[in-house]
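Below, read A as the first sequence line, B as the second, and so on, with proteins coming before strands; counting in each chain starts at 1.
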Protein chains: 2
Amino acid sequence: MKTTSRKAEIIAEASQLFKEKGYSAVTVRDIAQAMGIKAASLYNHIEGKQEILSVLILDLAKEFTSGMNAILKMNNSPLQKIEKLIELHIDITVNQSEALAALNNDWMHMAETDVNNFVVMRETYEENFRTIIKEGIAQGQLQPRHPEVILFSILSTLRTLYLWYQKRGKLDVNLLKRDMVAVLIRGIV
Amino acid sequence: MKTTSRKAEIIAEASQLFKEKGYSAVTVRDIAQAMGIKAASLYNHIEGKQEILSVLILDLAKEFTSGMNAILKMNNSPLQKIEKLIELHIDITVNQSEALAALNNDWMHMAETDVNNFVVMRETYEENFRTIIKEGIAQGQLQPRHPEVILFSILSTLRTLYLWYQKRGKLDVNLLKRDMVAVLIRGIV
DNA sequence: ACACAAAACTAACGTTTGTTAGTTTGATTT
DNA sequence: AAATCAAACTAACAAACGTTAGTTTTGTGT
């Protein structure tokens with residue numbers, strides 16, 4: 001059964017190394033060694049080191065974008081939308097944690113065009129999130145805090161979840177979702 | 001008035017570059033250019049590229065450690081201690097944001113001994129924080145959520161604050177503290 | 001058995017990397 | 001005026017970098 005292409009295997013292997021040391025500190029020889037082949041052999045499958053990074057990041061960014069769009073279409077309350085967004089991030093984290101590391105830390109090392117596309121996608125995503133929060137405040141469903149503080153505190157928690165999930169012995173995803181929603185939305189007191 | 005040594009100037013300049021591109025992507029020639037001198041001239045002041053990183057990270061780690069120790073000595077309630085910790089992070093972020101980027105993202109690129117010291121300091125810090133949270137739960141002051149989820153959601157927000165503070169036009173520190181404490185502790189609903 | 005394509009290989013390339021060695025500059029002290 | 005010293009310089013190094021070119025191996029369908 002050959003379900004994964006060689007290119008996909010390379011990208012998967014590279015993403016783990018990128019997560020550990022960052023894109024710039026990983027050499028193509030490192031990636032090749034992890035694959036059990038020589039560095040030059042990689043170029044039968046990829047165009048270059050940067051392509052790996054771009055595939056990793058842009059594919060994931062698209063996943064966030066389409067997840068956001070799906071949530072925007074639902075006619076739920078702002079608070080319910082935020083809950084859905086938290087669950088979206090957790091789902092992506094659970095099976096894409098390596099790509100998340102690259103997206104968070106190494107996006108600026110993509111080719112210029114890709115960086116520009118990425119930044120637009122990211123700003124759009126944040127703007128959509130911000131709008132949901134503002135609606136929640138306007139409707140009296142959320143506390144009247146500075147929307148930027150709310151956006152940031154939720155988003156930074158979710159964005160770095162990949163660092164922390166998995167080192168704590170894989171706690172159950174549904175338990176994680178429940179407690180995370182509770183903590184982020186209802187606080188800890 | 002010569003209040004800052006040349007070495008300190010180099011470290012300050014380097015930390016800005018590290019924040020933008022990460023340690024590995026910054027060359028000593030980049031740092032030299034930012035200083036307006038040649039790369040070789042740096043070595044009159046520093047032992048090597050790694051030394052810059054270690055000074056940045058370990059000095060900051062010590063600051064967190066002594067801040068934590070001061071808070072542990074106070075006889076406040078767990079909740080009050082957490083508020084103090086949030087303020088500690090905000091204070092450090094406001095005037096050390098470049099070093100924070102290195103501490104978060106590039107600690108693994110220090111020399112092995114320094115990495116080991118750092119990891120111990122970090123684990124100790126987290127363990128102290130976790131203990132405070134557990135006490136808060138035990139005393140009924142905090143909601144009975146998974147302590148790890150609480151610890152993580154607070155800490156990850158505070159740790160990445162440096163990314164976000166300053167691009168939003170330097171909102172007032174006291175306002176930031178107040179809203180951040182409110183959001184992290186009392187939630188958003 | 002043969003042809004073909006996928007995927008590995010060896011060898012090398014031009015650059016860039018961090019760093020060292022030895023020298024010159026410019027200001028301050030004696 | 002001579003000596004001192006911090007801090008810059010030029011020149012070069014060996015090693016590591018991403019990548020290319022050309023060749024050989026391996027597996028698959030005919």
Side-chain angles (χ1 to χ4, degrees), chain A residues 1-58 102 105-115, chain B residues 1-58 102 105-115:
Chain A
M1 177 166 65
K2 133 137 175 164
T3 167
T4 49
S5 77
R6 203 76 177 112
K7 180 169 177 173
E9 290 178 37
I10 291 171
I11 291 174
E13 202 69 53
S15 70
Q16 282 191 257
L17 295 173
F18 292 166
K19 183 182 178 182
E20 288 166 22
K21 311 199 296 176
Y23 173 78
S24 303
V26 174
T27 71
V28 294
R29 284 169 178 87
D30 288 336
I31 299 170
Q33 192 173 35
M35 293 288 298
I37 63 179
K38 296 288 157 128
S41 306
L42 292 173
Y43 288 80
N44 287 319
H45 309 282
I46 58 166
E47 291 175 16
K49 190 191 174 189
Q50 265 192 328
E51 193 206 356
I52 302 177
L53 186 64
S54 289
V55 170
L56 223 40
I57 292 176
L58 295 180
N105 304 319
D106 289 318
W107 56 271
M108 71 290 284
H109 298 121
M110 292 189 295
E112 198 185 341
T113 315
D114 291 335
V115 169
Chain B
M1 178 164 65
K2 136 143 176 155
T3 165
T4 49
S5 76
R6 203 78 176 111
K7 180 169 178 175
E9 290 178 36
I10 291 171
I11 292 173
E13 202 69 52
S15 70
Q16 281 191 256
L17 295 172
F18 291 167
K19 183 182 179 183
E20 287 166 23
K21 311 200 294 175
Y23 172 78
S24 302
V26 174
T27 71
V28 293
R29 284 170 179 83
D30 289 336
I31 300 170
Q33 192 173 36
M35 294 287 299
I37 61 178
K38 297 289 157 132
S41 305
L42 292 172
Y43 288 79
N44 287 319
H45 309 282
I46 58 166
E47 290 175 18
K49 190 190 174 190
Q50 264 192 331
E51 193 207 355
I52 300 177
L53 186 65
S54 289
V55 170
L56 267 177
I57 293 177
L58 295 181
N105 305 320
D106 290 318
W107 56 269
M108 72 289 285
H109 299 120
M110 292 189 293
E112 199 184 342
T113 316
D114 291 336
V115 169

Quick one: the side chain of Asn44(A) and the base of dA6(C), do they pair up donor-acceptor inside 3.5 Å?
no
Please tell me if the side chains of Leu53(A) and Lys49(A) come closer than 4.5 Å, counting only heavy atoms from C-beta onward.
no
Distance in angstrom units between Arg6(B) CZ and dC9(D) C1', rounded:
14 Å
Taking atom types as modelled, is there a side-chain donor on Asn44(A) or Ser41(A) under 3.5 Å from an acceptor on the other?
no
Rounding to an integer number of Å, can you tell me how far Ile46(A) CD1 sits from dG18(D) C1'?
10 Å
Donor-acceptor pair, side chain of Ser15(B) and main chain of Ala12(B), under 3.5 angstrom
yes
For a quick test of reading the model: is some side-chain N or O of Lys49(B) closer than 4.0 Å to OP1 or OP2 of dG18(C)?
yes
Whole angstroms only, please: what is the CG-P distance between Leu53(B) and dG18(C)?
13 Å
For DNA chain C, which residues in residues 24-33 of chain B have a heavy atom at a distance below 4.0 Å?
Val26(B), Thr27(B), Val28(B), Arg29(B)
Would you kindly give the CD1-to-P distance between Ile37(A) and dT25(D), to the nearest whole Å?
18 Å
Rounded to the nearest Å, what distance is computed from the OH atom of residue Tyr23(A) to the P atom of nucleotide dC17(D)?
13 Å
Nearest-Å distance for atom pair CE/C1', residues Met35(A) and dA7(C):
11 Å
Distance-only, no hydrogens or angles: does the Asp106(A) side chain make a donor-acceptor pair with backbone N or O of Tyr23(A) under 3.5 Å?
yes
Can you find a pair of side-chain heavy atoms, one from Met35(B) and one from His45(B), that are under 4.5 Å apart?
no
Can you identify which nucleotide, out of dC9(C), dT19(D), dA7(C), has its nearest atom closest to the Ser41(A) side chain?
dC9(C)
Short side-chain N/O contact from His45(A) to OP1 or OP2 of dA6(C), under 4.0 Å:
no
Pair Lys21(A), Leu17(A) - check side-chain contact (heavy atoms from CB on, under 4.5 Å), show working.
CA-CA 6 Å; Lys21(A) 311 199 296 176; Leu17(A) 295 173; 5.8 Å; no
In whole angstrom, what separates Leu42(B)'s CG from dT20(C)'s C1'?
14 Å
Does CD in Gln50(A) sit with more than 12 non-hydrogen atoms of other residues, nucleotides or ligands closer than 6.0 Å?
yes
In whole Å, what is the span from the NZ atom of Lys38(A) to the C1' atom of dT20(D)?
17 Å
